[in-house]
Number of protein chains: 2
Amino acid sequence: MKKASTIGVGSEAQPPKKARGRPRSFDREAALNAAMEVFWTKGYEAASISDLTSAMGINPPSLYAAFGDKEKLFLATIEQYAASRSDQLCPEQPTAKDAVESYLRFKADLLSGAGHPRGCMLMVAFFTAANASPGLNAVLAKKRAEAREHMRQRIKRGVAEGDVPEGTDAGALADFYATIIAGMAQQARDGASRKSLMATVDQAMAAFPVPSRGAPKKKRDTATA
Amino acid sequence: MKKASTIGVGSEAQPPKKARGRPRSFDREAALNAAMEVFWTKGYEAASISDLTSAMGINPPSLYAAFGDKEKLFLATIEQYAASRSDQLCPEQPTAKDAVESYLRFKADLLSGAGHPRGCMLMVAFFTAANASPGLNAVLAKKRAEAREHMRQRIKRGVAEGDVPEGTDAGALADFYATIIAGMAQQARDGASRKSLMATVDQAMAAFPVPSRGAPKKKRDTATA
DNA sequence: CTTATTTAATATCGATCACTATGAAAAAGG
DNA sequence: CCTTTTTCATAGTGATCGATATTAAATAAG
């Protein structure tokens, strides 16, 4: 009766050592991706175990044995979603403005992309898991905060390097672009085209502050105030 | 057994003619407002009849007799919500930019206001009623489209009157500000302060196109192209 | 082989869902 | 008074929710 607890076993260590009991008859990652699409489409609370098991091609006991419960399965799909979308600003972009713009266009591309449900799964999760456990909501809140923080840090760096005007409020500017991303996620789920989202990115980038001509252009950290 | 069908009776005609049967023992509008707050807080599908009746202070049969069913009650709260927020741009603002800005600030005020749940009920509805009937979703989609259309018309008028540059794509600009509003709704539900939302409005308005100096400034419709 | 271990499939569990049948209570019309 | 009409309140309906007990099947170890 000793439980071996193979719930968390994803891809931590995969030597072909044979397990003891009856082998699993489904692909864990494929089932996880199927579950992700269900949650992405219907939302967390509206996705029933019945919806999930039929999409994953397994029975309820297999789901619970492999993933724990509905919330743990959802968290696993959230991690899968976030990991496959590397929520980070491209560090090769020379200026903060370029970095933010490429990030927004990357997002716009994903939001309107084919082969998966429309919009952002994290936004769907935010609205449809509001009544779920505090622990789940804490994870979601952290994921949301990360994107904003990455942008804020990049803008701050831009100020230090002189491609963003001195005195710019990096936090407020990051909030603005976080608002743009959230808005685009809603618009995309509402059916907005890639072209429409890109036009919104154009508009949003027109508001990015640039140093006035003749302003100090630091190269690194040689302050010339 | 003749049903008198008093479901829709809101405030269409209120002469104090006494009805025939036992009088209703609760205030219909107060109950509607209580239901609105439940839907606004928990979302459409997550709000149970039990949640609703206890917040409204009535029993299930009274709810069904007065409002029909859960979907009809929800639609009634949506109408109440939209009506009490006159989703229209202030026509007294002299320019399209002023009109859009005051609209955004009006929205930011409501989104972060006290005395009611955070965020926009229509956005909560959009995400939490996605699996509901097509009819319900059509109503919600129409409400969303209205705000965008009002902004588009006002921007178009600005182009005609010369306070918006010629050649401006009014639809794309309206899409941009609809994105801002949707994004602010999410941020507000996520806990953003009024101050933070207002800073985002500042940023968003910096992107509003203005005629270059020396550009034609039509007063009304005297074209001078 | 037998035993131990793990998964698969069936058939549920109690709780909650949206909703309602039933009859008493409260008013007006006669 | 009695009848009619409408609402109120109790106590449910069948359906579906998330989650499991149970048993058979499949593998490795001994």
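Protein chains get the first letters and strands the later ones, always in sequence-line order, with residue 1 at the start of each. Predicted, not measured: the structure shown is a model, and the values here were computed from it.
- B/Arg24 places its CZ atom 6 Å from the P atom of D/dT7, with the value rounded to the nearest Å.
- Following rounding to the nearest Å, A/Met56 (CE) and C/dT7 (P) show an atom-to-atom distance of 14 Å.
- Between B/Ser25 and D/dT7 there is no side-chain N or O to OP1 or OP2 distance below 4.0 Å.
- Under a 3.5 Å cut-off, the side chain of A/Asn137 and the backbone N or O of A/Ala129 do form a donor-acceptor pair.
- Between the NZ atom of A/Lys70 and the P atom of D/dT16 there is a distance of 16 Å, given to the nearest Å.
- To the nearest angstrom, P of C/dT7 lies 11 Å from CZ of A/Arg28.
- Nearest heavy-atom pair across B/Ile155 and B/Ala174 is CD1-N, 3.9 Å.
- At the heavy-atom level, A/Ala46 lies nowhere under 4.0 Å from the strands shown.
- Rounded to whole Å, the distance from CD1 on A/Ile58 to C1' on D/dA19 is 14 Å.
- As a whole-Å value, the separation of B/Leu63 CG from C/dC17 P is 14 Å.
- Positionally, the nearest nucleotide of DNA chain C for B/Ile49 lies more toward the 5' end than for the other of B/Ile49 and B/Pro23.
- For the pair A/Asp51 CG and D/dG18 P, the interatomic distance rounds to 8 Å; values are reported in whole Å.
- A donor and an acceptor atom never sit less than 3.5 Å apart when one is taken from the side chain of A/Arg22 and the other from the base of C/dA8.
- Between B/Tyr64 and C/dT20 there is no side-chain N or O to OP1 or OP2 distance below 4.0 Å.
- With values rounded to the nearest 0.5 angstrom, B/Thr95 atom OG1 is found 7.0 Å from B/Phe208 atom CZ.
- The side-chain heavy atoms of B/Arg189 and A/Phe127, taken from C-beta on, include a pair separated by under 4.5 Å.
- Residue B/Ser62 has no polar side-chain atom (N or O) positioned under 4.0 Å from OP1 or OP2 of D/dT7.
- Residue side chain B/Arg20 reaches the base of D/dT4 through a donor-acceptor N/O pair under 3.5 Å, judged by distance alone.
- Judged by closest nucleotide on DNA chain D, B/Gly57 is the one of A/Glu45 and B/Gly57 placed further toward the 5' end.
- Side-chain atoms of A/Leu73 and A/Leu52, non-hydrogen and from C-beta on, do get closer than 4.5 Å to each other.
- For the pair A/Asn59 and B/Pro60, both in contact range of DNA chain C, the more 5′-proximal nearest nucleotide belongs to A/Asn59.
- Annotation: of the two residues near DNA chain D, A/Asp69 and B/Gly21, the 5′-most nearest-nucleotide partner is B/Gly21.
- Here the P atom of nucleotide D/dC8 and the CG atom of B/Asp27 are 12 Å apart, to the nearest Å.
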